[in-house]
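The chain is numbered in sequence order, starting from 1.
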Amino acid sequence: VTSTGVARHRVVIIGAGFGGLAAARALRREPVDVTIVDANNFHTFQPLLYQVATAGLDGDDVGYPVRGIFRRQRNVAVRMARVTAIDLARRVVSTNVGDPLSYDSLIVAAGAVSNSYGVPGVEDHAFALKSLDDALAVRQHVLARFEESATDPAAATDGALNVVICGGGPTGVELAGGMIELFEHVLAKDFRHLDVAHAKVVLVEAVDRLLGTFQPASSTTAQRVLTRRGVEVITGVGVASVEPDAVVLTNGRRLVARTIVWTAGVKASPVAAMLGVPLTRGGRITVDGGLGVPGRPGVYAVGDIAADGDHPLPQVAQPAIQGGRYVARAIARELRAESPAGPFRYHDKGSMATIGRHAAVAEFPNGRRLSGPLGWLAWLGLHIVYLMGFRNRANVLLSWTWNYLTYDRAARLLTGEEEEAPTAIP
Ligand SMILES: Cc1cc2nc3c(=O)[nH]c(=O)nc-3n(C[C@H](O)[C@H](O)[C@H](O)COP(=O)(O)OP(=O)(O)OC[C@H]3O[C@@H](n4cnc5c(N)ncnc54)[C@H](O)[C@@H]3O)c2cc1C
């Protein structure tokens, strides 16, 4: 409530990912009370999850406490809770803890979850790579298999150490590149008596090339580099089913592995369905040109969970960040009774994927490409710049320098209980 006794405009933001954070920060000077709700008390920098899974970085290098981000922004309250229901008619958001939150404006930015596409066995036997818990579980599982094999050297040759990655988009390519480096440069030295060369990293992609959203030349580079480094790349063959210790391909081939990671795609978070409004095929909330939910004034959706039916934007960080800022500005204009801004326009800044040491591909909107060491340096620089928090940036820079100079990966302690079953993919 303001000094004049007028209730301040209440904004509820669901999700402290790229979109939610961008929106909350852009509202910092506006006369609004913001509540940002997230199931975790930290923001996850998903682009570096594969480095956690392959022991290059620690979990807390890629997460940042949400309360720390808003410590100095007095108009933001943080609630760590899971959103369980949204009532658009009454304008309230219910969470698993605390009273329901009433809003005047709602920004839904709950992101995406892994999509098994109904392939049998994926939900039961494959790891996802969407959250920090997923990344830590993959790392733990891989390292634990090596420790087991220390007393059973035959395991290296019977496939227990193999890792199969299903899905050859940027996440699959980055994970495969990071995993083969972990095998060759670290685990082969840690487990000298094991024949680690027999342990395979296999990357499976259903369409006929890796990095399907990139230019064909980038796909060729990725496949060439990964193959040269020892990854078996299989393209043009789908996954028929996943078993506890194998991936069965649509051509009948059976890839034996104890660690299976599903990076084949995502669908919108189940929060989308809580709105009871039309969804796109991938379960995303259909938004209008101003990122609003049609017929629901004051309700917006941004990032991976939203799609403008005609032109769905890619599910990457920039559309979420730019969308979050745009919606914050739209709310501010509305409060000042200014005419609405024009429709949201996404500025494509290009795409990048790293393949491993000295190798990455980068593509710019003007059609130019970078690959090799130059692309790799650009990738490293950009990820440091976008990473949240000085401490995280300094830690990551130090870890990368150390890893680069020594070929070592320090983040390979086995602590806590190992997950019995892989993290469930909804
Ligand atoms: C492994 C991986 C690598 C990636 N690499 C890149 C890359 O290199 N470059 C790039 O641009 N993009 C990359 N992406 C994609 C990028 O991370 C996403 O597009 C981006 O995070 C989307 O932002 P968002 O705000 O929509 O959602 P998110 O950042 O996913 O945030 C959603 C938030 O909502 C919260 N949430 C969800 N459901 C609930 C609920 N019921 N209650 C409360 N909170 C909830 C989640 O905890 C999460 O914090 C990568 C993604 C992954 C998984």
- [ ] Enter the distance from Y64:OH to D60:CG here, rounded to the nearest 0.5 Å.
- [x] 12.0 Å
TODO: Starting at CG of L313, measure out to CG of L291 and round the result to the nearest 0.5 Å.
DONE: 8.0 Å
Task: Residues that Y386 engages under side chain to side chain donor-acceptor pair (under 3.5 Å), provided they are two or more places apart - done: Q318
Open item on the list: Are there over 12 heavy-atom neighbours, none belonging to R336, within less than 6.0 Å of that residue's CZ?
Closed with: yes
- [ ] Could you tell me which non-hydrogen atom of I13 sits nearest to which non-hydrogen atom of A23, and how far apart they are?
- [x] CD1-CB, 4.1 Å
- [ ] Go through the steps for T84 and M274 under the test side-chain contact (heavy atoms from CB on, under 4.5 Å), then give the verdict.
- [x] CA-CA 8 Å; T84 51; M274 295 178 194; 5.5 Å; no
- [ ] Please report the C-alpha distance between Q322 and R345 in whole Å, then the side-chain angles of each, then the deciding distance to 0.1 Å, and finally whether the side-chain contact (heavy atoms from CB on, under 4.5 Å) criterion is met.
- [x] CA-CA 9 Å; Q322 295 176 27; R345 273 188 221 294; over 6 Å; no
Task: Minimum heavy-atom distance V316-P319, with the two atoms named - done: O-CD, 3.2 Å
- [ ] Would you please indicate yes or no on a ring centroid separation below 6.0 angstrom for W379 and W400?
- [x] yes
Open item on the list: If I take atom CH2 from residue W376 and atom CZ from residue R357, how far apart are they, to the nearest 0.5 angstrom?
Closed with: 6.0 Å
Task: Side chains of L203 and E232 in contact at under 4.5 Å (non-hydrogen atoms) - done: no
Open item on the list: How close do S399 and L57 get, counting heavy atoms only, and between which atoms?
Closed with: CB-CD2, 3.7 Å
Open item on the list: With heavy-atom distances below 4.5 Å as the criterion, would you say the side chains of T221 and R369 are in contact?
Closed with: yes
TODO: State, yes or no, whether a side-chain contact exists between I305 and I14 at a heavy-atom distance under 4.5 Å.
DONE: no
- [ ] Of all the heavy-atom pairs spanning V34 and A24, show the shortest one and how long it is.
- [x] CG1-CB, 4.4 Å
TODO: Kindly compute the distance separating OG (S269) from CZ (R284), expressed to the nearest 0.5 Å.
DONE: 12.5 Å
Open item on the list: Within the 4.5 Å heavy-atom criterion, are V52 and Y50 side-chain neighbours or not?
Closed with: no
Open item on the list: When you compare the side chain of R258 with that of N162, does any pair of heavy atoms fall below 4.5 Å?
Closed with: no
Open item on the list: Looking at every heavy atom in both E30 and N75, which two are closest together, and how far apart are they?
Closed with: O-ND2, 3.4 Å
- [ ] State, yes or no, whether a side-chain contact exists between R139 and D58 at a heavy-atom distance under 4.5 Å.
- [x] yes
TODO: To the nearest 0.5 angstrom, please state how far the CD atom of E363 sits from the CG atom of L211.
DONE: 8.5 Å
Open item on the list: Could you check whether H141 and F146 have their ring centres less than 6.0 Å apart?
Closed with: no
Task: Distance flag, aromatic centroids of F344 and Y326, threshold under 6.0 Å - done: yes
Result block: side-chain N/O donor-acceptor pairs under 3.5 angstrom for residues 99-112, not counting sequence neighbours:
residue, atom, partner, partner atom, Å
D104, OD1, R10, NH2, 3.1
D104, OD2, R10, N, 2.7
D104, OD2, R10, NE, 3.2
S105, OG, H9, NE2, 2.6

Open item on the list: What's the separation between atom CG in N403 and atom CG in L182, rounded to the nearest 0.5 Å?
Closed with: 10.5 Å
Open item on the list: Which heavy atom of F18 sits nearest to which heavy atom of A320, and what is that distance?
Closed with: CB-CB, 4.0 Å
- [ ] Just do the side chain to side chain donor-acceptor pair (under 3.5 Å) check on T235 and E205 with the steps written out, would you?
- [x] CA-CA 5 Å; T235 55; E205 167 54 52; over 6 Å; no
Open item on the list: Quick check: do M388 and F45 have side-chain heavy atoms less than 4.5 Å from each other?
Closed with: no
Open item on the list: Do M80 and D38 have side chains that approach each other closer than 4.5 Å (heavy atoms only, starting at C-beta)?
Closed with: no
